[in-house]
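Everything below concerns the one structure shown next.
Throughout, protein chains are lettered first and strands after them, A, B, ... in sequence-line order, and every chain is numbered starting at 1.
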Amino acid sequence: MKKLILLMALVTTAVAGCGGSDSPDNGIRDLTGFVKKQVARTSERSAPIEINDVYFVDRDQEDPNAYDSVLNDM
Amino acid sequence: MKRFAKRSAIAVAIAAGCAISGAQASSHREAPTITEKPKLDASDFYMFRSYESGREDYVTFIANYLPLQDAYGGPNYFDMDSDALYEIHVDNNGDAIEDITFQFRFHDIAADLQVPVNGVMVSVPLKNIGAIGPAATDTDAVNVRQEYAISIVRGDRRTGTSELLLNGDVGGNTFRKPLDNIGNKSIGDYATYAASHVFNAAIPGCDDGRVFVGQRKEGFAVNLGEIFDLVNTNPLGPVDGEANTLADKNVTSLAIEVPISCLTTGGDSVIGAWTTASQRQARILNPSPTSTGKGATVEGGAWTQVSRLGSPLVNEVVIGLKDKDRFNASEPKDDGQFATYVTNPTLPELLEILFSGTAVAPNIFPRTDLVSAFLTGLTGLNQPASVTPSEMLRLNTATAVAAAVDQENLGALAGDVAGFPNGRRPGDDVVDIALRVVMGALIEDGAVAPNNTAPLTDGAYVDSADFDTAFPYLITPLAGSITAP
């Protein structure tokens with residue numbers, strides 16, 4: 001029984017990971033979220049994020065309001 | 001001396017390396033992406049022991065950006081990017097990693113000048129609405145101007161210890177940048193006005209230095225018009241037989257003069273240096289920019305390097321086209337990735353192909369002479385005591401200064417060891433020097449380098465007489481408008 005519960009937990013975690021739109025584990029990133037995160041982590045001391053192995057999914061190509069939260073943030 | 005054919009292989013080779021980018025200064029528009037970012041485009045980098053009388057204990061660094069400025073380029077003219085980070089890095093122990101970095105940040109000061117129009121105050125569209133200068137503070141008629149701050153970072157450029165330089169003349173941590181040379185009705189005496197922007201700078205942990213940031217007349221000389229016209233020139237012709245394509249252009253200079261004692265360490269008199277420009281990694285365009293809120297863009301993320309320049313002409317004619325963007329984003333400590341471009345250079349081979357029987361590429365590989373010239377410095381001249389091969393400009397601060405009148409524009413090739421490649425002075429003709437070096441000028445054996453004494457030239461002449469003999473050395477920029485009084 002314990003083994004079954006552990007197995008189910010592992011499967012659940014794996015499924016959640018595969019479906020994540022911003023999961024660092026599978027190299028797939030939501031572009032809008034990624035850009036917003038970079039703006040939020042503006043720093044004088046940090047290094048830029050390497051993106052050669054990242055596949056960006058841009059779901060907001062038709063959404064002119066995608067970055068309103070950044071543009072409107074005063 | 002065998003004459004090269006009309007179709008100069010050298011010029012073709014340069015064109016082949018630069019044609020797509022249309023490069024024109026020693027490193028300008030040389031990479032595909034930097035052509036989209038003129039304000040971040042480093043075009044020339046000079047480093048030399050100051051030859052102004054009495055200043056021999058200083059090193060002058062001049063980093064030129066935003067090249068090919070037409071003097072009449074209003075209404076905005078040529079401000080620096082206030083969202084960018086401009087840096088001059090110094091490696092003083094030969095390990096290819098910066099030990100000292102001077103960071104320049106600009107900010108815009110907008111006055112929003114308005115005039116009454118039928119009882120309504122309306123914002124004007126111009127950069128100035130009256131005369132400016134001659135003092136740096138004579139800016140009541142200026143609508144938009146820039147100031148800048150300089151930091152000295154010791155250690156890693158991002159994680160090191162950072163301190164602001166102090167304006168030694170007026171106090172505070174900011175320095176005024178002069179407006180560009182709009183014309184003599186706006187700025188009657190531009191030379192005096194610009195000179196009022198040379199400031200003493202208190203450098204934390206060091207003796208004072210001097211700074212100037214502003215527009216200058218382009219100092220680089222090169223014959224590119226004919227090169228791109230199917231190489232309509234003779235590379236064995238007179239050294240002054242051709243027009244300087246850049247003679248009618250201005251550029252913006254970031255000049256800083258620093259005590260040698262502030263730069264060197266551990267008894268090694270050799271320093272290496274290069275300049276970079278960086279942007280924030282993320283940028284969002286604002287579809288509704290406002291003058292009081294967010295502007296046209298929002299920038300964010302870490303500083304990401306997009307421009308790099310040490311020795312002249314490297315990214316122009318040494319690095320392959322496919323790697324030019326990579327070079328601009330790279331650091332000297334990782335230059336092993338570009339080694340083949342130096343040990344197996346393409347420019348001499350192109351010459352030999354195009355001038356079969358006349359031009360002969362040096363037949364000795366790897367080209368250790370070019371490794372010395374570009375990656376380590378020359379033994380006994382400007383090679384650090386311990387050096388990691390890496391591309392940067394190297395200066396031996398113990399080499400005696402040559403007064404302007406005594407300088408040879410072919411630098412070390414002409415016996416003037418205070419000149420390029422031992423640092424780089426404004427009057428060093430780096431195009432002619434580079435042409436001769438790549439064709440074997442540093443190789444004694446004529447059997448493997450038959451062209452090692454060929455007086456190759458692009459025909460556009462430059463020497464120290466073209467410049468001032470005092471900081472910041474580059475001369476008053478061309479005016480956008482000159483009218484008789």
Please test A:Arg59 against A:Asp30 for salt bridge (charged side-chain N to carboxylate O under 4.0 Å, His left out), starting from the C-alpha separation and ending with a verdict.
CA-CA 7 Å; A:Arg59 298 187 179 93; A:Asp30 168 68; 3.5 Å; yes

Atom of A:Ala66, atom of A:Thr32 and distance for their closest heavy-atom approach:
O-CG2, 3.8 Å

So which of A:Arg41, A:Gln38, A:Arg45, A:Lys36 has the largest heavy-atom pair count under 4.5 angstrom toward chain B?
A:Arg45

Can the ring centres of B:Phe199 and B:Phe212 be said to be less than 6.0 Å apart?
no

Can you check whether B:Glu316's main-chain N or O pairs, donor with acceptor, with B:Lys324's side chain at less than 3.5 Å?
yes

Part of B:Leu85 lying under 4.5 Å from any heavy atom of chain A
neither

Is the backbone of B:Gly295 close enough, under 3.5 Å, to the side chain of B:Asn286 for a donor and an acceptor to pair up by distance?
yes

Of all of B:Thr304, B:Ile284, B:Val298, which one pairs up most often with chain A through heavy atoms under 4.5 Å apart?
B:Ile284

Can you tell which part of A:Ser43 gets under 4.5 Å to a heavy atom of chain B, answering side chain, backbone, both or neither?
backbone

Nearest 0.5 Å, what's the CD-CD distance between B:Glu87 and B:Gln103?
4.5 Å

Matching residue for B:Tyr86 among B:Phe104, B:Phe45, B:Tyr65 - test: ring pair (Phe, Tyr, Trp, His ring centres under 6.0 Å):
B:Tyr65

For B:Asp335, side chain to side chain donor-acceptor pair (under 3.5 Å) partners two or more places apart:
B:Arg308

May I ask you to list the residues in residues 156-168 of chain B that approach chain A closer than 4.5 angstrom, counting heavy atoms only, ordered by number?
B:Arg158, B:Thr159, B:Gly160

